[in-house]
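Every number for a ligand or one of its atoms is a count from 1 in the order of the listing.
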Amino acid sequence: MEEAFSSHFYYRNGRLFVEEVPVKEIAQKVGTPVYIYSKKAILDKLSQYREAFSDYPTLICYAVKANSNLSILELLKEEGLGLDIVSGGELYRGLKAGFSPEKIVYAGVGKTDGELSDAINAGILSFNVESLMELEVLNELAGKLGKKANVSIRINPDVNPKTHPYISTGLRKSKFGIDMEDAPGAFRLAEKLENLNLVGIHCHIGSQIMDVSPYREAVEKTVELVFKLEKEGIKLQHIDIGGGLGIKYRPEDQPPHPSQLAQMVVPIVKQTGLKLIIEPGRSLIGEAGILLSQVIFLKDKGDKHFIIIDAGMNDLLRPAMYNAYHHIIPAEKKEKKITADIVGPICETGDFFALDRQIDAVERGDYLAVMSAGAYGFSMASNYNTRPRAAEVLVDGENFHVIRQRETYEDIIKPELTAVNKESER
Ligand code: LLP
């Protein structure tokens, strides 16, 4: 047995397994492309977080955007987690999965009236408010509904998380949060508005963070502001430090352990005595999932080789969108290696998974696993090129369950057919 890239994925006699199931068996039963998740990998990561923060009252609010499959949400609900949501759709999913609204926090710079009203009615733990206008609108809507809305102010601590610019959110020039100099005014306004209940302070500096030191800077600034507000008589209940911990994408990556995050931030937050909220997404689910795909064709152009697989950028957008690296390994090991571009079938040059990558010399019909695809994989998938979205499978020991059926062509065109019928009814 040889570990294959991350825990719960390994080779036994040259065959790739997820827990106790050979991935090829899943491919043959469910088809490809298919996302495969390891339940144990998710629960192990969760235990690491729990252990790391066990000495301090901490609520883990899983960031739904990383992977919003209902079965995954149900699993995390059973574990007692809360949720970090960013849309009405994610609220709908969370409630469907049975999460208690008192454990749901809601961030996002553009919440519509409809979305705000739904969340007010649900009675969520906190609206993580990102502008003064949002405060005013939320107050007005809560008043109309005869309710009080719990709010936190999302501050923008202007900290560089040293990650990809597209996923850096805590820099001043980004659209997120309220700048440090405007933040006190936002808290005062929230305290004053009569249909709002000020409960906390929020920040989230970015994603795929590989060095925890920027968290120190962000949390120190947050705590400084908490003390300043206390002096004015503004009291809060919690500090929410967001998500962002990185994972292993390359073989040599050494992402921080949740305990490093805890050791960095808990002593600072402790000074305030406020409860802590964390919002991990990628680090809980990213390494627990792979995208399994079948080789359709091989193609050579001189000494340039292409491996064309049945997954495309519509299934996993990260390489095309962020030029992200994903490790790719065969479902069955080969003796020979080749250097090739591993590409999808979509009509875009950006539709690649790897360029000039050294890989086992797979043949037509073989399977390749794209590793660390559990987060921002399926959740960012689309139907581009009218490609049905992949199936999703959860492995649990020797068993596996389809937790999302592969879409059919009918599924894709159904809303259009319905629209046509409605139109003709008029
Ligand atoms: N909380 C807030 C307010 C967020 O905006 C995010 C992610 C998280 C928590 C969770 O962050 P995580 O622990 O997953 O790093 N699509 C990109 C990632 C976008 C992250 C957006 N915000 C990617 O594929 O790399």
Name the atoms and distances for all side-chain donor-acceptor pairs under 3.5 Å in residues 262-278, with sequence neighbours left out.
{"residue": "T272", "atom": "OG1", "partner": "V269", "partner atom": "O", "Å": "2.6"}
{"residue": "T272", "atom": "OG1", "partner": "L274", "partner atom": "N", "Å": "3.0"}

Report task. Check whether any side-chain heavy atom of H327 sits under 4.5 Å from a side-chain heavy atom of R250, and report yes or no. Result -> no
Requested in this report: Answer yes or no: does an N/O atom from R282 fall short of 3.5 Å to an N/O atom of ligand 1?
Outcome: yes
Report task. Give a yes/no verdict on whether any heavy atom in M380 is under 4.0 Å from an atom of ligand 1. Result -> yes
Report task. Show your working on side chain to side chain donor-acceptor pair (under 3.5 Å) between H238 and S152 and close with a plain yes or no. Result -> CA-CA 9 Å; H238 70 243; S152 303; 3.2 Å; yes
Report task. Select one of side chain, backbone, both or neither to describe which atoms of F176 lie under 4.0 Å from any atom of ligand 1, heavy atoms only. Result -> neither
Query - Nearest-0.5 Å distance that lies between atom CG in L16 and atom CE in M371 - result: 6.0 Å
Query raised in the report: What do you reckon, does S207 have a nitrogen or oxygen under 3.5 Å from a nitrogen or oxygen of ligand 1?
Result: yes
Report summary line: Note: ligand 1 atoms sitting under 4.0 Å from heavy atoms of G281 are 12 (P), 13 (O), 14 (O)
Report task. Report the part of M321 (side chain from C-beta onward, or backbone N, CA, C, O) that has a heavy atom under 4.0 Å from ligand 1; answer both or neither where that applies. Result -> neither
Requested in this report: With K248 as the cation and F5 as the aromatic partner, state whether NZ or CZ is under 6.0 Å from the six-membered ring centre and within 45° of the axis.
Outcome: yes
Requested in this report: Have a look at ligand 1 and work out which part of E279, if any, has a heavy atom under 4.0 Å from it: side chain, backbone, both or neither.
Outcome: both
Query raised in the report: Heavy-atom distance to atom 12 (P) of ligand 1: which of G244, G286, S379 wins?
Result: G244
Query raised in the report: When rounded to the nearest 0.5 angstrom, what is the spacing between CD1 in I120 and CD in E115?
Result: 12.0 Å
Query - Axial cation check for Y376 ring with K65, 6.0 Å and 45° limits - result: no
Query - Nearest-option assignment for atom 14 (O) of ligand 1, heavy atoms, candidates Y249, Y376, Y106 - result: Y376
**Report entry** N or O contact, P280 vs ligand 1, cut-off under 3.5 Å
**Finding:** no
**Report entry** G206 N/O under 3.5 Å from ligand 1 N/O
**Finding:** no
**Report entry** Between CG on residue N69 and OH on residue Y35, distance to nearest 0.5 Å
**Finding:** 12.0 Å
Query raised in the report: Do any nitrogen or oxygen atoms of S283 lie less than 3.5 angstrom from nitrogen or oxygen atoms of ligand 1?
Result: no
Query raised in the report: Can you name the residues that form a ring pair (Phe, Tyr, Trp, His ring centres under 6.0 Å) with F17, not counting sequence neighbours?
Result: Y10
Query raised in the report: Which atoms of ligand 1 have any heavy atom of R318 under 4.0 Å away?
Result: 23 (C), 24 (O), 25 (O)
Report task. Just jot down the ligand 1 atoms closer than 4.0 angstrom to any heavy atom of G243, in number order. Result -> 9 (C), 13 (O)
